Amino acid sequence: FLELFMEHGYVWLFKFGLAIHRHFREPLLAAKQPNALYKILRLEHETDSIDENVLSKALQYDLSGKDIPGLRQKMYDTIIGPRLEKARQLAEEAEDDDMSDFSDEDEE
């Protein structure tokens, strides 16, 4: 896995993700609870079947016609960036609220 990542870069992660999805499609779709889904994605289930077969299937995906950097930037601009900004604002508000608890009124 690591050797292929070093050779192909982050595009390999997309290919590997697609191969993992193909490999675990049925259990992923059958998962009724989030913990069951996470167990599959953490590869705690059937880890011995993640082998050269999955890696070779990942190599078969042709993403050369896809603008992966452009798609990543679009996702950041439309989803990730706004969420990070909202989290930053909420953290600032929480910090301001915490600081207001330590006012001069307590010293009276």
Side-chain angles (χ1 to χ4, degrees):
F1 173 86
L2 189 57
E3 182 179 314
L4 290 166
F5 173 67
M6 298 304 281
E7 181 180 340
H8 299 279
Y10 63 84
V11 173
W12 167 249
L13 299 177
F14 289 96
K15 291 180 175 188
F16 184 71
L18 291 169
I20 288 290
H21 178 265
R22 179 193 292 177
H23 186 76
F24 288 114
R25 185 180 197 290
E26 295 305 320
L28 287 170
L29 293 174
K32 302 291 185 208
Q33 298 294 323
N35 61 340
L37 182 68
Y38 297 141
K39 183 177 180 180
I40 295 166
L41 294 176
R42 283 191 307 264
L43 303 178
E44 294 176 1
H45 177 260
E46 299 181 35
T47 55
D48 56 330
S49 64
I50 301 297
D51 56 11
E52 293 297 321
N53 186 31
V54 174
L55 298 178
S56 66
K57 285 183 180 178
L59 288 170
Q60 293 173 5
Y61 283 102
D62 180 18
L63 301 180
S64 61
K66 307 295 183 208
D67 179 18
I68 301 292
L71 291 171
R72 291 177 72 201
Q73 187 64 50
K74 180 180 177 182
M75 290 296 105
Y76 181 85
D77 292 343
T78 60
I79 297 173
I80 305 299
R83 287 183 182 177
L84 289 173
E85 179 60 25
K86 177 78 172 172
R88 186 191 62 75
Q89 290 173 354
L90 290 172
E92 283 180 2
E93 290 172 12
E95 186 176 306
D96 290 344
D97 288 345
D98 288 345
M99 294 305 289
S100 67
D101 290 343
F102 297 106
S103 66
D104 290 338
E105 295 172 6
D106 293 339
E107 294 179 10
E108 292 179 17

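If you read the sequence from its start, that first residue is 1, and numbering goes on from there. Keep in mind that what you see is a predicted model, and the values were worked out from it rather than measured.
Ring orientation note: the planes of F1 and F5 are close to parallel, at an angle under 30° on the 30°/60° scale.
Here L4 pairs with E7, H8, W12, L55, L59 under the side chain to side chain contact (heavy atoms under 4.5 Å, CB included) rule; sequence neighbours left out. With sequence neighbours excluded, the residues satisfying side chain to side chain contact (heavy atoms under 4.5 Å, CB included) with L28 are H21, F24, L37, I40, L41. The side-chain hydrogen bond (donor to acceptor under 3.5 Å, both in side chains) search around S64 returns D62, not counting sequence neighbours. In this structure R88 satisfies the side-chain hydrogen bond (donor to acceptor under 3.5 Å, both in side chains) test together with E85, E92, sequence neighbours excluded.
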Side chains of residues 66-77: which donor-acceptor partners sit under 3.5 Å, not counting sequence neighbours?
unit_1, atom_1, unit_2, atom_2, d
D67, OD1, G70, N, 3.1
Q73, NE2, D77, OD1, 2.8
Q73, NE2, D77, OD2, 3.4

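Note that CZ of R42 is 8.0 Å distant from CG of N35, once rounded to the nearest 0.5 Å. Note that the OG1 atom of T78 and the CZ atom of R83 stand 9.5 Å from one another [nearest 0.5 Å]. Atoms CG and CD, from D96 and E93 in turn, are 7.5 Å apart once rounded to the nearest 0.5 Å.
Annotation: side chain of K57 is in contact with side chain of R22 (closest heavy-atom distance under 4.5 Å).
L29 belongs to no hydrophobic cluster with other residues, because no ILVMFWY side-chain heavy atom falls under 4.5 Å from its own, directly or through intermediates.
Linking Ile, Leu, Val, Met, Phe, Trp and Tyr residues whenever their side-chain heavy atoms come within less than 4.5 Å leaves L84 and L90 in two separate clusters. Note on V54 and M6: same hydrophobic cluster, where clusters join Ile, Leu, Val, Met, Phe, Trp and Tyr whose side-chain heavy atoms are under 4.5 Å apart, directly or indirectly.
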